[in-house]
Amino acid sequence: MQDKYTPAEIERAAQDHWNKTAAARAIEDTTKPKYYCLSMFPYPSGKLHMGHVRNYTIGDVLSRFHTMLGYNVLQPMGWDAFGMPAENAAMQNNVPPAKWTYANIEYMKTQLKSLGFAIDWERELATCTPQYYRWEQWLFTRLYEKGLIYKKLGTVNWDPVDHTVLANEQVIDGRGWRSGALVEKREIPMYYMKITAYAEELLADLDKLPGWPEQVRLMQKNWIGKSTGVRFAFPYELDGKEDKLWVFTTRADTIMGVTFCAVAAEHPLATRAAQGNPALAAFIEECKQGGVAEADIATMEKKGMPTGILVQHPLTGEKVEVWVGNYVLMGYGEGAVMAVPAHDERDFAFAKKYDLAIKQVIGVEGQSFSLDGWQEWYADKQNGKCTNSGKYDGLAYEAAIDAIAADLAAKGLGEKKVQFRLRDWGISRQRYWGCPVPIIHCPTCGDMPVPDDQLPVVLPENVEITGAGSPLAKMPEFYECSCPKCGGQAKRETDTMDTFVESSWYFLRYTCPDNDQAMVDQRTAYWCKGGIDQYIGGIEHAILHLLYSRFWTKLMRDVGLIDIGEPFANLLTQGMVVAPTFYRDLGDGKKQWINPAEVDVVTDERGRPTGATLIADGQPVIIGGTEKMSKSKNNGVDPQALIDQYGADTARLFIMFASPPDQSLEWSDAGVEGAFRFLKRLWKLTHDHVAQGLVPAFADGELPAALKDFRRQLHQTIGKVADDYGRRKQFNTAIAAVMELLNAFAKLPDDATARSVKQEALEAAVLMLFPIVPHVSHALFGELRPGLDAGQQTFPKADASALTQDEIELMLQVNGKLRGSLKVAAGTDKASIEAAALASEAVQKFMEGKPAKKIVVVPGRLVNIVV
RNA sequence: GCCCGGAUGGUGAAAUUGGUAGACACAAGGGACUUAAAAUCCCUCAGCCCAACGGCUAUGCGGGUUCGAUUCCCGCUCCGGGCACCA
């Protein structure tokens, strides 16, 4: 055995061995329990970043651990290959998106391979290949025929200078990121998936996911946002015609306090009122400025203008004025809201600003109402009662809503209604690098889904990207076609699909990537039975990706393709790897983001950053926030330098040791040295043992006290590591436990009995570490047990007989403060413990002669004496 | 703005069900080995007070429940994630 730890050499040898033996190949086998371990596939942005290393190391640890437990493990990998960055790169570097994407895939694949993950590469897929997206198009046509995909107007960010639709990310402070022009909202026809038809099931099934973090289930629940309220109407007469203004409220108990209504700028009443009212028309135009992102709309200044249109209060008949409000969204609910300034914060601010009436209709006894502030008294559903509300006075929340809803229903002006916050999923994108929407527009027959025998609609790959609209719309050879029904001249849809569509079902396709006859097959049923056993990915996907995947799984079930309703049985949401951001202002709100690796940070004596300079030119750069590593903020750290210098095992060990997986990790490479040192130490301990000759591992017999204690620690460690890997999924403490074990190991003597225990300990330690640092473990196990393959071993089992303990140490407290400790024989009864505790010197001293009022004995832990 | 998290030594963190706060590491300081350096090994290492024994304080801030709170409850502050076209 060589005496030096040489990671490059041993990692190459181990990977060669695994390749030769096809160790990671997953074959369906009904004689073993299956374990499908899935990590979120990467977007091929160019290089791996630390978040990838973290994600895939967690997946690999769980995969290898379950292999050692006897499971038939599938760990696949693929590429979320469609998306915007490829188009941006195309514009910047004049390279076609396909070429850029495939080159990135090739490079990142070599990086992944160098990390030694037990991935079955035979199942690799990329979503930008027709072999993949043809099935997505095929399912699209089925769903379209079922009415689960439909067309309606949707609002997008429009850049009036570049004449293109912008993603929310491309709108910065209300301006287009390239042109700098003020962005406008524009309504265009788009295809929508009817996710709201599944709202009830998506909500209810959250309770069937005990393997998901509570946090994620709660976020999804709130996102779906089921609420019961009242949909009702304000009747009005305009241009000689009677009509109704519909609104929805969860606060029907405050309906008597309505002093005005507000409608969206795009609402028909607003449009009508703007005729002959240039000021209002101008305001409506102003409302169209800015992006569509909810965060922007919710934080912007609330503005409004009266329409002059009066509607009738449905219960009192009083006239209520309709305003246009920039905070009311057309795409949400009815596009109109009632306003009760006395009991709603936003309505109150609006009423104060425009000097509108405020009418208190909820009161709490003993508290007075003031026009200086709004009162959330409804939250007090016990004591908040209707007041100034005529016949409803004195009614509490629920009774008031029931009475009011009944009266509205009697007048035919409203009813109770369940409403969801969840909106249908708009999947049309006016972009090139995506899966073409398989629709043909025929002037005679209308929108026709592309027939099966014409699928896939292949995305042409040699295009020029200009940034102004989709290249597909300028390619007659793409869009010119004939109607599948009447054969007449027709036009192919040039929009592509949201890339979330591809990522909503890729995990099913891993089971049968080679099937060119069907989307899924019986292998899908094998691997996905009961759901994917473990899914691992960033917490930032807690809502959108995970909700869409759940939705698609239900769609595919209802089309009869699969028989599961939930895709992921267990979910581990890893915390983000975050890093500081640095930038320079280029003016016009544009920023040049600079990678942390190119920056020198100056800190004060307390370690706080005071400034930063670009290494290349020595000039200052601005320190931004600490954010998730991303392409757009250029704050990703390339793990390659780490791998090159220390090897894959050190990189894997370090990132798993740095913090528990669900916690966010602020990147710093301080501490890498320590991980490397540990592996060197493990190597040396093994080398020194092997150099003295191998011995059979200790099996049973009597041991001196020191060795008995060590052996107890060994088997406690085995139990803890297995629990940390399997149940807790907390790898940093598993590593710490093995480190402690080896610290104790290093102090053991070298006699024959000790050496047999050392053999046992080293074999176990190396196997316990195998899931995290497989290369070095492979090499070391081969030395400890010549001819055996570490990857074929079962995980060590704790020996119960080694765990018994004769003496237990109890902590002694007086009034909850630690005052000493007490050693007692295992199994000592409570009374004896109490007596021994009271007799102890430390306790006597702090009782100061006062009698014990109470004695609390926590078995195996402590004694607390209250005086 | 709304929804979800987080905050513990100089640093990353541990404390699994309310029971020894700071395991395991990093950095730092001291020592051994060495001509020297690197590597390695050993020691110290939350703060304050004390010659020492020991004591007091301390888990973002302010309250509460409890014999006992990093852990549970209420109210804040700051930081991060998501907000439907970044993925």
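Source: prediction; values computed, not measured. Residue numbers begin at 1 in each chain, while the letters A, B, ... track the order of the sequences.
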Sugar-phosphate, base or nothing in reach of A:His541, heavy atoms under 4.0 Å: base
Distance between P atoms of B:C79 and B:U57 (Å, rounded): 32 Å
Minimum-distance nucleotide to A:Val856 side chain [options: B:G19, B:C4, B:A13]: B:G19
Sugar-phosphate, base or nothing in reach of A:Tyr5, heavy atoms under 4.0 Å: nothing
Any donor-acceptor N or O pair under 3.5 Å, side chains A:Ser503, A:Asp80: no
A:Leu862, nearest nucleotide to its side chain (from B:A23, B:U20, B:G82): B:U20
Distance, P atom - from B:G5 to B:G75, rounded to whole angstrom: 15 Å
Sugar-phosphate only, base, or nothing, as touched by A:Ser659 at under 4.0 Å among non-hydrogen atoms: sugar-phosphate
Touch class at under 4.0 angstrom, heavy-atom based, for A:Lys4 against every strand present: nothing
Distance in angstrom units between A:Ile539 CD1 and B:G82 P, rounded: 10 Å
B:G60 pairs with, by Watson-Crick or G-U criteria that keep both distances under 3.5 Å: B:C76
Atom pair distance, as rounded to whole Å: CD in A:Gln215 and P in B:G82: 13 Å
P gap between B:G64 and B:A52, integer Å: 37 Å
Flag if over 12 foreign heavy atoms under 6.0 Å of NZ, A:Lys302: yes
Value in whole Å for how far the C1' atom of B:U8 lies from CD of A:Glu666: 16 Å
Sugar-phosphate only, base, or nothing, as touched by A:Ser668 at under 4.0 Å among non-hydrogen atoms: nothing
Phosphate-side-chain proximity, A:Asn222 and B:C4, N/O vs OP1/OP2 below 4.0 Å: yes
Minimum-distance nucleotide to A:Phe657 side chain [options: B:A15, B:G12, B:U16]: B:G12
B:G82 and B:U66, which share atom name P, separated by this distance in whole Å: 42 Å
Geometric class of the A:His541/A:His545 ring pair [parallel <30°, tilted 30-60°, perpendicular >60°]: perpendicular
B:C26 OP1/OP2 closer than 4.0 Å to side-chain N/O of A:Arg677: yes
Sugar-phosphate only, base, or nothing, as touched by A:Arg819 at under 4.0 Å among non-hydrogen atoms: sugar-phosphate
Among B:G82, B:C67, B:G12, the nucleotide that comes nearest once only the side chain of A:Ile543 is considered: B:G82
Distance between C1' atoms of B:G80 and B:G9 (Å, rounded): 23 Å
Sugar-phosphate, base or nothing in reach of A:Leu544, heavy atoms under 4.0 Å: base
Proximity to the side chain of A:Ala295 - top-ranked nucleotide from B:G81, B:C83, B:G12: B:C83
A:Tyr548 and A:Trp425 aromatic ring geometry - parallel, tilted or perpendicular at 30°/60° bounds: parallel
Parallel, tilted or perpendicular: rings of A:Phe41 and A:Tyr506 (30°, 60°): parallel
Derivation of the side chain to side chain contact (heavy atoms under 4.5 Å, CB included) call for A:Ile539 and A:Met219: CA-CA 11 Å; A:Ile539 182 68; A:Met219 279 193 264; 4.0 Å; yes
Residues forming a side chain to side chain donor-acceptor pair (under 3.5 Å) with A:Gln430, sequence neighbours excluded: A:Asp495
Interatomic distance, A:Phe678 CZ vs B:C41 P [rounded to whole Å]: 12 Å
Touch class at under 4.0 angstrom, heavy-atom based, for A:Met629 against every strand present: nothing
Syn-anti status, with the boundary at 90° from 0, for the nucleotide B:G9: syn
Nearest-angstrom distance, P atom, B:G62 to B:C53: 32 Å
Phosphate OP1/OP2 of B:U8 contacted by A:Gln663 side-chain N/O (<4.0 Å): no
Listed nucleotide nearest any side-chain atom of A:Asn864, set B:G82, B:A84, B:G68: B:G68
Phosphate OP1/OP2 of B:A25: any A:Asn743 side-chain N/O under 4.0 Å: yes
Sugar-phosphate, base or nothing in reach of A:Pro660, heavy atoms under 4.0 Å: sugar-phosphate
Donor/acceptor link under 3.5 angstrom from A:Lys817 side chain onto base of B:U20: no
Sugar-phosphate only, base, or nothing, as touched by A:Val165 at under 4.0 Å among non-hydrogen atoms: base
Residue A:Arg421, side-chain heavy atoms: nucleotide from B:A84, B:A13, B:A87 that is nearest: B:A84
Sugar-phosphate, base or nothing in reach of A:Leu422, heavy atoms under 4.0 Å: base
Between B:C4 (P) and A:Leu206 (CG): distance, integer Å: 14 Å
Ring geometry between A:Trp667 and A:Phe654 (parallel below 30°, tilted from 30 to 60°, perpendicular above 60°): perpendicular
Sugar-phosphate, base or nothing in reach of A:Gly426, heavy atoms under 4.0 Å: sugar-phosphate
P atoms of B:C86 and B:C74, separation to the nearest Å: 35 Å
Nucleotide of B:G1, B:G19, B:G81 approaching A:Val858 most closely (side-chain heavy atoms): B:G19
Sugar-phosphate only, base, or nothing, as touched by A:Ala737 at under 4.0 Å among non-hydrogen atoms: nothing
Closest to the A:Glu169 side chain, choosing from B:C83, B:C86, B:G54: B:C86
Position toward the 5' end of RNA chain B (nearest nucleotide), A:Glu673 or A:Arg423: A:Glu673
Below 4.0 Å: OP1/OP2 of B:A15 and any side-chain N or O of A:Arg728: yes
Per A:Glu740 side chain, nearest of listed nucleotides B:A23, B:A87, B:A21: B:A23
N/O (side chain, A:Lys845) to phosphate O (OP1/OP2, B:C53) under 4.0 Å: no
Presence of A:Lys684 side-chain N/O under 4.0 Å of B:U40 phosphate oxygens OP1/OP2: no
Position toward the 5' end of RNA chain B (nearest nucleotide), A:Lys720 or A:Asp498: A:Lys720
Side-chain N,O (A:Gln813) to OP1/OP2 (B:G19) below 4.0 Å: no
Nearest-Å distance once atom P is located in both B:C56 and B:A69: 15 Å
Touch class at under 4.0 angstrom, heavy-atom based, for A:Arg681 against every strand present: sugar-phosphate
Pair A:Trp505, A:Tyr132: side-chain N/O donor-acceptor within cut-off below 3.5 Å: yes
Any A:Asn732 side-chain nitrogen or oxygen under 4.0 Å from OP1 or OP2 of B:G12: no
side-chain N/O A:Gln730 vs B:A14 OP1/OP2, d < 4.0 Å: yes
Side chains of A:Asp424 and A:Thr196, donor plus acceptor under 3.5 Å: yes
